[in-house]
Each structure stands twice: as C-alpha cells, then as structure tokens.
2 protein chains.
Amino acid sequence: MTGGVHNLLLRVLPERERGLLLANAERVAFRKRESVDCGPAGHECVLFVESGMVSVMREAAPGLAAEVGMIGWEGLVGLPALLDADDTLHRYVAQTQVEALRVSAASVRALMASSEAVHALVLRLAHCAAAQFAATAFANAAFNVEARLARWLLMAHDRLPGGDIALTHDMLSTMLSVRRASITLAMHELEGAQAVRGSRGLVTIRDRAKLIAIAGASYGEAEAEYRRLIGATPATGHLAPMPA
Amino acid sequence: MTGGVHNLLLRVLPERERGLLLANAERVAFRKRESVDCGPAGHECVLFVESGMVSVMREAAPGLAAEVGMIGWEGLVGLPALLDADDTLHRYVAQTQVEALRVSAASVRALMASSEAVHALVLRLAHCAAAQFAATAFANAAFNVEARLARWLLMAHDRLPGGDIALTHDMLSTMLSVRRASITLAMHELEGAQAVRGSRGLVTIRDRAKLIAIAGASYGEAEAEYRRLIGATPATGHLAPMPA
DNA sequence: CATTGCCAGTACGAAAACGAACACAGCGCG
DNA sequence: CGCGCTGTGTTCGTTTTCGTACTGGCAATG
C-alpha cells in the first residue's frame, strides 16, 4: 500500500524509502494565488505535491513575466535544493489550493546518499523537469497563442481532478505572457471547436482530443518522457489518474 | 595544472578526478553544422566540449524547430545519460567546428558514485542546464526578435574566442524560429546601435555592453547562476575566458 | 574569366498580437 | 435590493511578425 499518498514520486519509491520520507513529513497547504516557499531561506525543504498545481514563474519586473513550468501531484517543489543549488531564479505560485508533504531537503539528500532508488529518481526528475522547461521554450518560440493556451490547459488538466480549471483570463495572460484580450480571443476559438467551455473564472475541458490536436507538437513529448522515466498509470490516457 | 584542458567542468574538478576522467578520454571533433552524437545508440558517452559551440535543438517537423539551449567550453553534451535517462527529445548541432573530450557515460557515472566532487558537479550542472532552458522559455515568451537575437549573440560570444561569430542569417532564423527576413531587420537595428557589425556569413561583436542593454532581462541571470554554482574566471566580464 | 550557388537586402500584402480603452454582466456584500 | 467589484467581451488604431518572392552581390569553382 502507498498509505493514502497521492504524490507520484512517493508512490513509485520502494515502501522502505517512502516510509522514511513520510516519517518526517509534514502536511502543509497553500491557498490559491499564494507564493509557495518553504523555510526561512526558502530552500530548506522539499514539497511533494499531493493535490493542486503550482506554476514555475520567471519574473524580471512587474509585467515582464512568464510561466516556464508547472508542477502537480506528479512532482515536487524545491528540486534545486536537491541539486546542490539555492534557486533564486524562479518563483513558485499556487494556481489552486495546494496540499503537499513537506520534508526537509537535508533528509531527502541523506536518503539520496543511502538509497539508490531515491538517488536515481531525483536524477530522472531533474532530467524531466529540464525537458519540460525546454518544451516550454519550444512552444513559446514556435506556436501561436491558441496552441499555447491549449497546451497550458492540457497540462493543467493532467494535474487537476475533474475537467474544471478555475482561473481567470487575466491569470492565463500572465502565464503565457500575452494580453488578456488575446486569451479571450483564443478561448473563443477553443470554444468554437467544442474543445472547452468557459464561464466566469472557470474553464471546463470538454474534448481533450481536440485540445491535443490544437496544441499539436507543443504538447506531449515532455509528458511522455515523464511517464516513461518516472512512471504513471497509463490507464487514463493522460498524465493524471487523480485519486478520488 | 589543468594539463591544457579548456573545459570548465574538468578544470574545476580536483586533480585526481580530472586525471581519472582524462585517462580514458578521447579527443574528438565535429565539423560545422554536423549533428553531434556519440556512440551507436547515441547515449553511451559524454562530450566535454573543449572549443566551439553546440546548439540544443527541439525539432518536431521540418521547419518546426527552435533552439532551447547552447553548450560550449563551459559544459558537456550528453547530460541526460548522467541523469539516468536516454534523451530522445533534443538534437545537438555543432554551430562551429567543435572539439571535445569523449568519455564513456558509464565511467562518469562510476566516478559520480565514488567521488562526491564529481557527483555534486553533475547535480549543479543539471540545475544550471535547466535554468538555461527556463531562461530561453522566458525570452521566447516575453521578448521581441531584436532582444532575442542580442541574447543569442551574447551567449555565442561567451563561448567563442574573439568577437567573430561565423553564421548566416538563415541559421539564426532557424534557432530563433523566426523568418530570415526578421533576422536581417533585427541585425540592422543592432548595427545601427553600433553593437555589432555584419558581413557575409559573419557577425562581429563590436559593443558588448550595448548588446546587453538591448537583450535586457532576457540575458544574464542564468549565466550568473552558472558562474556562481559551477565557477568561471570572472576576469573577462563575460562567461568566456577563452584560452589562447 | 565566366558561371554557379549561396547569402543578404528588400518588397508586398496578410495575419497575428499589441496597448489602451470602454461597456456590460455576474456575483458577493452591505 | 441595489452597489460595487471583478471578470469578460469588444473596440480602436498600431506595431510586429509572417509568408513569399524577387533582386543583386559576393565568392568559390572550373
């Protein structure tokens, strides 16, 4: 048994390692739109996300920002602390209510040293996180707003239960670094294609296959890499087999 | 002494580890525009770049491609092999003549297990490579062609000796995933600002400070992170203290 | 020295995205 | 129940970038 743990990384670990991590884990929560940090210096612990989703943002100045990555139940916040780095380049923002298991970075690093399973998992995670950043770079360079929005919605859908994503056009425009009006436009195109339905502060996924078609090559490869190297139940077709 | 080795990663390692790596290293070269791979399956070895620069490309289809990262004397090609992954998502292309030291991935991984110095260096490298991908994602989302071109030229300048960069507008347009005509336009603006000079198949950096100003927040942070975590002689002001 | 191929410059209309507004609707709150 | 806030729809003109094409120059080659 995985002991009611939702986080994928913890679930794929052997029972012994999972037990050791859970032994000194603390359950924490973040409110929607809250900045997700951890510890006074901000890098003393790692958050295994249990539910909700966190955006990895790059912000150079007010109004000059973009999302570069996304983390949910399949990952953790604070990877740099495990890679011998104190990460100052990114900001983590909860896009929904987020629940997570907090473990000190030191204890994870200790376990990396003693457990080959944990060590290999962290290495593969580093690779997959980098692949996601690279995929975002590719998408931002080569795809229009509509495709990038479709990609974003798919990635959010992979990480959230049900088909509803609660956020405003304004938040989306910040992440994709485009105008809010451009989001409204693109949303209408997605709605016209019967791919999603929108209401005030809520987007409902209606036809995932259509979204994938619209996202084109901007979505899929990095996610497949994650499934292949970290693992996920492929039953649902997408990344997220959200437990009840 | 570092024994005439130019690669930064090898230079920052303790003499013992450097010696062990060099003991079974083989010097290899790649011609300009050549695909940089290594071994039959493509992932059995690691290339410590000695000179020249390699583009990390993402290619979904002919004409649908973008550069997501750049590697020179400061890094290595084949990081995924050290992260327990077989990387199939990226293609590595030599943008200049490239010389490198080839070491089997297995021997580096063995050294990671026995040497904490090597292990920590690889972890930090993984972090910095991810930071570069993220910086590219940010630049592609939030900056125009002129700034992105300035950023690219700066990154190339950091990795090449002298102020000359030999490549065509066509190659640049492929990397930035824009029209060739847009590169010509942006180049003219950079020339107008006295930042660079262009001739047939050659760009000459004329005023690095002006380029940095034009690149704005798209350039600098990831590079500083690299310097801070991996190390570089800060003497030259930029990343590259290219040996004679 | 002439031919050939690559490379930069330039032109055109079209499409996409921009910045900055303003109008309206849903919804919570007093 | 009405007020006000927030979020969405929509507008304007403008700028950037696109796709495509044609031109002319430089350079290597025979």
Side-chain angles (χ1 to χ4, degrees), chain A residues 31-33 61-66 95-96 138-153 164-193 196-204 214-216 218, chain B residues 31-33 61-66 95-96 138-153 164-193 196-204 214-216 218:
Chain A
R31 288 186 307 276
K32 183 170 174 161
R33 311 229 53 179
L64 188 58
Q95 294 296 346
T96 65
F138 176 56
N140 290 348
F143 290 82
N144 62 17
V145 175
E146 187 187 1
R148 286 166 57 198
L149 176 58
R151 171 175 185 257
W152 195 97
L153 292 173
D164 288 347
I165 304 170
L167 41 69
T168 66
H169 293 189
D170 210 39
M171 302 186 212
L172 282 168
S173 76
T174 300
M175 321 221 168
L176 299 187
S177 201
V178 299
R179 283 182 319 157
R180 184 190 58 74
S182 297
I183 295 291
T184 305
L185 250 287
M187 278 292 289
H188 288 171
E189 300 201 55
L190 297 186
E191 291 177 28
V196 304
R197 198 164 8 125
S199 65
R200 189 188 174 81
L202 189 75
V203 182
T204 303
I214 292 169
S218 72
Chain B
R31 289 184 307 275
K32 183 169 175 164
R33 311 232 49 180
L64 187 58
Q95 294 295 345
T96 65
F138 176 56
N140 290 349
F143 291 82
N144 61 18
V145 174
E146 187 187 1
R148 285 165 57 197
L149 177 58
R151 171 175 184 258
W152 196 97
L153 292 173
D164 289 346
I165 304 169
L167 41 69
T168 66
H169 293 191
D170 210 38
M171 301 186 214
L172 282 167
S173 75
T174 301
M175 323 223 163
L176 299 187
S177 201
V178 299
R179 282 182 320 157
R180 185 188 58 75
S182 297
I183 296 291
T184 304
L185 251 287
M187 279 292 288
H188 288 172
E189 301 200 55
L190 297 186
E191 290 177 28
V196 305
R197 199 163 7 123
S199 66
R200 187 188 174 81
L202 189 76
V203 182
T204 304
I214 293 170
S218 73

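Small disclaimer: the values here were computed from a predicted structure and weren't measured. Numbered from 1 within each chain, the chains take letters A, B, ... in sequence-line order.
The side chain of A/Thr168 lies closest to D/dT8 when the candidates are C/dC18, D/dT8, C/dA8. Closest to the side chain of A/Val178, from the set D/dG9, C/dC18, C/dA16, is C/dC18. Nearest nucleotide to the A/Ala181 side chain, out of C/dC7, D/dT10, C/dA17: D/dT10.
Rounded to whole Å, atom C1' of C/dA11 lies 11 Å from atom CZ of B/Arg179. Remark: C1' of C/dC6 and CG of B/Leu202 are 16 Å apart, rounded to the nearest angstrom. For the pair B/Arg180 CZ and C/dG9 P, the interatomic distance rounds to 9 Å; values are reported in whole Å. With rounding to whole Å, B/Leu176 atom CG is found 17 Å from D/dT16 atom P. Atom pair A/Leu149:CG and C/dA16:C1' shows a separation of 15 Å (rounding to whole Å applied). One can place CZ of B/Phe143 at 21 Å from P of D/dT15, the figure rounded to the nearest angstrom. Separating the CZ atom of B/Arg200 from the P atom of C/dC7 is a distance of 7 Å, rounded to the nearest angstrom. Between A/Asp170 atom CG and D/dT8 atom C1' there is a gap of 11 Å when expressed in whole angstrom units.
The side chain of A/Ser182 contributes an N or O atom lying less than 4.0 Å from OP1 or OP2 of C/dC18.
Residue whose closest nucleotide on DNA chain D sits further toward the 5' end, between A/His169 and A/Ala141: A/His169.
Contact of the A/Leu149 side chain with the A/Val178 side chain is not registered, since no non-hydrogen atoms from C-beta on lie closer than 4.5 Å. Two residues are said to be in side-chain contact when any heavy atoms from C-beta on lie closer than 4.5 Å; B/Leu153 and B/Val203 meet this criterion. You'll find the side chain of B/Met175 reaches within 4.5 Å of the side chain of B/Trp152, heavy atoms only. Contact of the B/Phe143 side chain with the A/Leu64 side chain is registered, since non-hydrogen atoms from C-beta on lie closer than 4.5 Å.
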